[in-house]
Amino acid sequence: MKMTLVSACVASVIALVPAQNALAQEKVQAADLVEIFEKMAGKQPGFRKAHAKGVCVGATFSPSESKHFKEAKLLTSGTLPVSMRFSLGGGNPAGDDRAPGTRGMGMQINFPDGSMHVFTGNNFPAFLGKDPDTFYGFLKTLMPDESGKPNPMKTAEYIKNNPSVRANVAWNQKAETSASFANTEFFGLHTFFFDNAGEQTKFRWQLTPDLGVKTLNKEEAAKKPADFLNTTLAQQLAEQTVSFSLNVSIGKPEDTNVDPSSPWPDDRTKVKLGTVTLSSSGGEACKNTNFDPNILSAGFTPSEDPVLRMRSPAYAISFGKRLSNQ
């Protein structure tokens, strides 16, 4: 099994499961996820347990008008400051930018009153499993067995028996290297809702680069330095406008609310919420930012997606370890 697949696994965090009863105790907990991330990447004190290598970015969000999100604070507050972070998948802070696979994005839009709206996404369109247990089960197959090495047959058998991991696995097998963070598309994967006067709109979002999506094949990537992504982004910012369109797909009743491994059909109505324009990169402004996607502005609510719900406790544990240099 390719190491890029490991990156895809570590690229995401999963769902909060109550622990009040015996059955729940058998379920995967946030601490279990953090622990296996640490085993896969090794102890990296002071760094995120997933997406350890990244770059901070300053930006602004300029909203568009939308009848689907009428009176949303996110779209009626004018241009707002944004703190962003682009990252490599995996828990290695010295990861190789030339490796194909997962790239991540965290974006915190800040309001004058101190409130915020957070978007967290990855460059793959389907999550690795329908729920926390499935995701964790896959990660376990990547761990060394009695021989001291991972057993690819164990992973292959798991894929065979768990259809919800297949879309992500297939994406990883074909994934190329991102040419730049500024040329990478990011998917929110989860379902969210906006409620206005009792009228509810369900949606999934994606962040599309206005400079277009560009990737490098194996030969092209090999010619780049191991840390080319940050310098490439800085150069693009110096030479041209770098921006993204924040778009959403409007869901229909039959579209799943709770399975991030299952993308919605491509023919769903698309709506642009606004433009994110980058202004700077580098520094450590986002070092202690916890990009929890369940932090939403007025009118918006998260779905019951168990993978989405796990992100809050898993991120909190990772955040605490990072602050205490664990």
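Numbering of residues begins at 1 and proceeds along the displayed sequence.
For the residue pair Asn162 and Ser164, no side-chain donor N or O sits within less than 3.5 Å of a side-chain acceptor on the partner. Judged purely by distance below 3.5 Å, without hydrogens or angles, the side chains of Asn123 and Thr184 never pair a donor atom with an acceptor atom. Using modelled atom types and a 3.5 Å distance limit, the side chains of Asp210 and Ser243 yield a donor-acceptor pair. Counting only N and O atoms by type, the side chains of Ser115 and Asp113 include a donor and acceptor under 3.5 Å apart.
Salt-bridge formation is detected for the pair Glu38/Lys321: a Lys NZ or Arg NE/NH1/NH2 atom is positioned less than 4.0 Å from an Asp or Glu carboxylate oxygen. Between Asp305 and Arg204 there is no salt bridge, since no side-chain nitrogen of the basic residue lies less than 4.0 Å from a carboxylate oxygen of the acidic one. Taking a cutoff of 4.0 Å between a charged side-chain nitrogen and a carboxylate oxygen, Arg268 and Asp255 qualify as a salt bridge. A salt bridge is defined here as a Lys NZ or Arg NE, NH1 or NH2 lying under 4.0 Å from an Asp or Glu carboxylate O, and Glu35 with Lys39 meets this definition.
Taking a 6.0 Å sphere around CD of Gln235, one finds it holds 12 or fewer heavy atoms contributed by other residues, nucleotides or ligands.
Counting heavy atoms from C-beta on, the side chains of Leu128 and Asn172 never come closer than 4.5 Å. Contact annotation: the side chain of Val248 never approaches that of His68 to less than 4.5 Å [non-hydrogen atoms, C-beta and beyond]. Counting only heavy atoms from C-beta outward, the side chains of Lys67 and Lys70 never approach each other to under 4.5 Å.
Although no hydrogens or angles enter the test, the distance criterion places no donor-acceptor pair under 3.5 Å between the side chain of Thr60 and the main chain of Thr79. The backbone N or O of Gln108 lies less than 3.5 Å from no partner atom in the side chain of Ser83, so there is not a single donor-acceptor pair.
Classified by interplanar angle (parallel below 30°, tilted 30° to 60°, perpendicular above 60°), the ring pair Phe135/Phe127 is tilted. In this pair, Phe69 and Phe194 present their aromatic rings tilted. The plane angle is within the 30 to 60° band. Between Phe138 and Tyr158, the ring planes lie perpendicular to each other; the angle is over 60°, past the 30° to 60° tilted range. Phe86 and Phe244 have tilted rings, their planes meeting at an angle from 30° to 60° on a 0 to 90° scale. In this structure, His117 and Phe300 have perpendicular ring planes: the angle between them is above 60°, well past the 30° mark.
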Item to complete: Start with the C-alpha distance between Arg311 and His190, add both sets of side-chain angles, then the distance that settles side chain to side chain donor-acceptor pair (under 3.5 Å), and finish with yes or no.
Response: CA-CA 11 Å; Arg311 288 182 181 268; His190 307 294; 3.0 Å; yes
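Results of the side-chain contact (heavy atoms from CB on, under 4.5 Å) test with Pro63 over Leu75, Thr275, Leu74 single out Leu75 as the only residue that passes.
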